[in-house]
2 protein chains.
Amino acid sequence: MPKIVDHDARRRLIADALMKVAADQGLEAVSLRHVAAAAGVSVGMVQHYFHTKDEMMAFALAAVMDRTETRIRTAVAGLGENPPPRLLLRTMIAALLPLSGTARDDGRVALAFLAYAAVRPEAGAGLRPGTGQLVEFVAGLLPDPHGVASAGALLALMEGLGVYLLGGQMTPDQALTALDAQLDLLFLP
Amino acid sequence: MPKIVDHDARRRLIADALMKVAADQGLEAVSLRHVAAAAGVSVGMVQHYFHTKDEMMAFALAAVMDRTETRIRTAVAGLGENPPPRLLLRTMIAALLPLSGTARDDGRVALAFLAYAAVRPEAGAGLRPGTGQLVEFVAGLLPDPHGVASAGALLALMEGLGVYLLGGQMTPDQALTALDAQLDLLFLP
DNA sequence: CGTTTCGCAATACGACTGCATTGCAAAGGT
DNA sequence: ACCTTTGCAATGCAGTCGTATTGCGAAACG
């Protein structure tokens, strides 16, 4: 067998270029040619590693989710062992919000995928399963009187803050203030 | 001057067709030809009433916002004079959520526009100004200890519920339960 | 030292896009 | 009755899209 290359590295290179294009020109600007140009490679090479565009999109979406999970995990890791529930929640949610830099770019891509998934249900099937477990996890962190409804509300709040941040209707300060107000509501009886 | 036709009626006809296409095939499927076909007219006629595609999109977005405002207004009108603040808020937010039917279609279109606006800030400029006033209005309805931060949080919650509803991560029941939990939090000290 | 297999570039194809152009029918105004 | 203006259909054009095809250089194996 000839020329050994790291297939997965190439795929990540291409996926990174895709997300760069999507983040600053929108998902509808993601084409094989644009992605190839952004990655500095030929269209043929992109086709070599992704047989179809959908395959490439799916890989990129998975990469965004991976990066997001990593971002949360490292943020939480900085908290030490057994952090107080309120701090843990605030840290996780703040890490998930598109406040700046990479998180903002990822958020834009995720929002675009969300809109796409709202119309192509089978495309967003991968997004759905995590939410139920997340609600239960959050519910376990809330003080006693609150149930899964409040957990769902908190997650919805987070999602909405993300949308407002990306749309420019809220500044990062305003979003974090709103988040803290909600946590006050939940944790201070 | 020849043949008098109701310009605005034609534009609304075309915009309705656009929203139909966008609602069940996504915003990226909105093209002059598809919209014309959905409206049962020729491409030339669409071009006659909208000189450019962006003009057509802007008109359609304005129409969605109009319909939404009307939906809220009629829902609130059914409440009579001086309704209690909590009921007023619940009614307004429930009318805004994409729970079913037209509201769901409008929601899909709005979400698509949102994703588009996250990347083309000048396109979503029309969306932004209303939010600030809305926050203040909501803040005025909340009982005493709560400020604009809680109002922003409530609106973000609404937005997030909308996203979850469209994405299928929440059922209408779950969304309304979460909304009520939040209103409990705000109104029952 | 072939030979084979892989990595990748180039190009061609048909479908689609937004938009400009052209032409014609119909309907007032005079 | 003519003329002008408007409503609208048809068609053409240049560009982009995803994908299939083709071909060639390079690297490991026999």
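Protein chains get the first letters and strands the later ones, always in sequence-line order, with residue 1 at the start of each. What you are looking at is a predicted structure, and each value in this text was computed from that prediction instead of being measured.
When side chains are defined from C-beta on, A/F50 does not count as touching A/M45, because their heavy atoms never get closer than 4.5 Å.
To the nearest angstrom, P of C/dA20 lies 12 Å from CD of B/E55. To the nearest angstrom, P of D/dG18 lies 9 Å from CE of A/M57. Rounded to whole Å, atom P of D/dA20 lies 13 Å from atom CZ of A/R33. A/M56 places its CE atom 11 Å from the P atom of D/dC17, with the value rounded to the nearest Å. Here the P atom of nucleotide D/dG7 and the CZ atom of B/R10 are 9 Å apart, to the nearest Å. Protein atom CG of B/D54 is 16 Å distant from nucleotide atom P of C/dT17, rounded to whole Å.
Contacts with DNA chain C (heavy atom under 4.0 Å) in residues 17-32 of chain B: B/V30, B/S31, B/L32, listed by number. For the segment residues 42-52 of chain B, the set of residues with a heavy atom within less than 4.0 Å of an atom of DNA chain C comprises B/Q47, B/T52, in numerical order.
A/R73 and A/D66 are not joined by a salt bridge, as no carboxylate oxygen comes within less than 4.0 angstrom of a charged side-chain nitrogen.
Taking only side-chain nitrogens and oxygens, B/H34 never comes nearer than 4.0 Å to OP1 or OP2 of C/dC16. The side chain of A/H7 contributes no N or O atom lying less than 4.0 Å from OP1 or OP2 of C/dC6.
For the pair A/V76 and A/T91, the tightest heavy-atom approach, listed with the atom from each and the gap, is N-CG2, 4.3 Å. When all heavy atoms of A/A151 and A/A139 are compared, the pair lying nearest together is CB-N, 3.6 Å. The minimum heavy-atom distance linking B/A94 with B/L99 is given by the pair O-CD1, 3.7 Å.
For the atom pair CD (A/Q169) and CG (A/L161), the distance works out to 11.5 Å, reported to the nearest 0.5 Å. To the nearest 0.5 Å, the span separating CG on A/L165 from CZ on A/R104 amounts to 7.0 Å.
Remark: the B/Q182 side chain and the A/Q182 side chain contain an N/O donor-acceptor pair separated by less than 3.5 Å.
For the side chain to side chain donor-acceptor pair (under 3.5 Å) condition, the pairs that include at least one residue of residues 9-34 of chain B, sequence neighbours left out, are B/D8-B/R12.
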